[in-house]
Amino acid sequence: MPELPEVETIARELNGHVTGRRVEAIEIFRADALGRQAPADFCRALRGREIRHCARRGKYLIFHLHPERYLVVHLRMTGKFAVTAPLEAPLRDHRLWFHLDDGRVLVFQDLRCFGTLDVVARLSDSPALSKLGMEPLSPQCTQSWLRRALAASRTPLKPWLMDQTKLAGLGNIYASEILYAAGLDPTQPANGLDGPSVARLHRATRRILRKAILKSGTTISDFRRVDQKTGEFQHFLRVYGKAGEPCPKCKTPIAAIRQQQRSTFFCPRCQR
Ligand SMILES: [Zn+2]
């Protein structure tokens with residue numbers, strides 16, 4: 001599933017393609033992604049509006065439209081956007097086409113159909129966005145905020161990092177990599193961290209996310225950028241998906257455990 005760096009990459013690339021374009025028409029080939037919104041209402045809410053800006057909040061992609069509306073998208077497992085010349089017919093995984101005023105088409109593709117698209121009149125109307133916690137790269141995400149937030153919870157560290165109501169945007173890959181970079185045990189309770197550990201976690205979070213954005217995210221299987229290229233951060237992963245391989249620092253085999261039905265990868269020696 002795309003995490004913060006992948007969604008940030010897509011938002012930045014979409015800005016280069018669709019900013020200033022008006023949505024002239026919408027074709028829906030499969031309406032799963034619209035949830036309870038009626039397709040006709042969805043189209044009416046977007047048609048004729050200009051895409052002013054694409055942004056990210058947590059793992060959500062947000063199209064800012066004018067006159068004011070917001071299209072809030074979660075890509076889930078396999079959701080993707082592409083911008084193409086007009087096509088004769090939709091491909092198998094095409095779910096929606098947004099016809100733009102320059103003749104090109106913004107395509108929403110989603111093989112597994114778990115992605116969601118919601119139109120809201122104001123950002124505060126989005127129930128999904130209102131539940132999100134702190135943006136890890138925002139100036140408000142200080143070491144002292146992190147210390148206070150961790151101190152309020154006994155949840156093990158790895159699931160704590162992935163809880164979108166605490167920090168928004170981290171998933172399985174980056175939570176594993178951040179804890180390895182910080183040298184922290186993924187199973188220890190959040191409120192058990194001392195001051196130096198919180199400082200290392202804070203630094204590692206920002207460093208790993210910034211580097212992953214710089215490398216246009218991680219492609220393990222499905223993630224593709226708007227131009228269909230892969231990300232590059234998979235070449236910089238230290239523990240994720242590497243069970244049994246030697247730790248890059250100490251050569252101890254990387255361990256894999258299950259935490260809340262998700263795999264956690266870590267070095268049993270470096271992360272004690
Ligand atoms: Zn190690």
Side-chain angles (χ1 to χ4, degrees), residues 1-9 59 133-137 141-164 166-223 230-272:
M1 181 191 287
E3 303 180 27
L4 185 156
E6 289 77 41
V7 181
E8 180 71 30
T9 298
K59 300 180 195 172
M134 179 66 84
E135 277 294 323
L137 293 178
C141 186
T142 58
Q143 227 181 85
S144 55
W145 175 85
L146 185 61
R147 181 169 33 81
R148 284 194 306 273
L150 288 163
S153 171
R154 278 183 298 187
T155 304
L157 207 41
K158 161 86 167 358
W160 190 92
L161 286 177
M162 291 175 59
D163 180 345
Q164 302 301 300
K166 306 283 198 300
L167 274 178
L170 299 183
N172 218 23
I173 297 177
Y174 295 102
S176 287
E177 292 295 318
I178 287 166
L179 288 173
Y180 175 75
L184 294 170
D185 177 350
T187 65
Q188 69 176 305
N191 63 0
L193 268 66
D194 60 11
S197 299
V198 173
R200 289 205 310 279
L201 178 60
H202 186 257
R203 264 199 314 274
T205 301
R206 294 165 89 89
R207 185 166 62 77
I208 298 276
L209 291 176
R210 285 197 178 119
K211 181 163 183 188
I213 292 170
L214 205 65
K215 299 293 173 190
S216 306
T218 299
T219 299
I220 302 288
S221 57
D222 292 304
F223 171 63
T230 62
E232 295 298 333
F233 193 72
Q234 62 275 19
H235 305 303
F236 299 88
L237 298 175
R238 296 285 184 261
V239 289
Y240 182 82
K242 298 191 186 291
E245 294 183 31
C247 164
K249 287 181 208 156
C250 76
K251 308 299 177 210
T252 302
I254 298 299
I257 54 168
R258 301 291 281 175
Q259 288 182 290
Q260 297 185 346
Q261 291 83 50
R262 307 296 304 277
S263 297
T264 297
F265 299 91
F266 69 105
C267 172
R269 186 160 166 203
C270 295
Q271 294 178 255
R272 272 195 299 222

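Positions are given from 1 along the sequence. All ligand and atom numbering here is 1-based and tracks the order in the structure.
- Among residue pairs with one or both ends in residues 182-200, those qualifying as side chain to side chain donor-acceptor pair (under 3.5 Å) are Asp185-Thr187, Asp194-Ser197; sequence neighbours excluded.
- Within the 3.5 Å criterion, the main-chain N or O of Pro186 finds a donor-acceptor partner in the side chain of Gln259.
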Check: residues 240-253 side-chain donor-acceptor pairs under 3.5 Å, at least two apart:
none

Sequence neighbours left out, cut at 3.5 Å: what donor-acceptor pairs do the side chains of residues 147-159 make with other protein atoms?
from, atom 1, to, atom 2, distance (Å)
Ser153, OG, Thr155, N, 3.1
Ser153, OG, Thr155, OG1, 3.0
Lys158, NZ, Asn172, OD1, 2.6
Lys158, NZ, Ser263, O, 3.4
Lys158, NZ, Thr264, OG1, 2.9

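- Rounding to the nearest 0.5 Å places CZ of Phe265 at 10.5 Å from CD1 of Ile257.
- Of all protein N, O or S atoms, those under 2.8 Å from the Zn ion (ligand 1) number 4.
- With rounding to the nearest 0.5 angstrom, the CG atom of Leu4 is 13.0 Å from the CD1 atom of Ile208.
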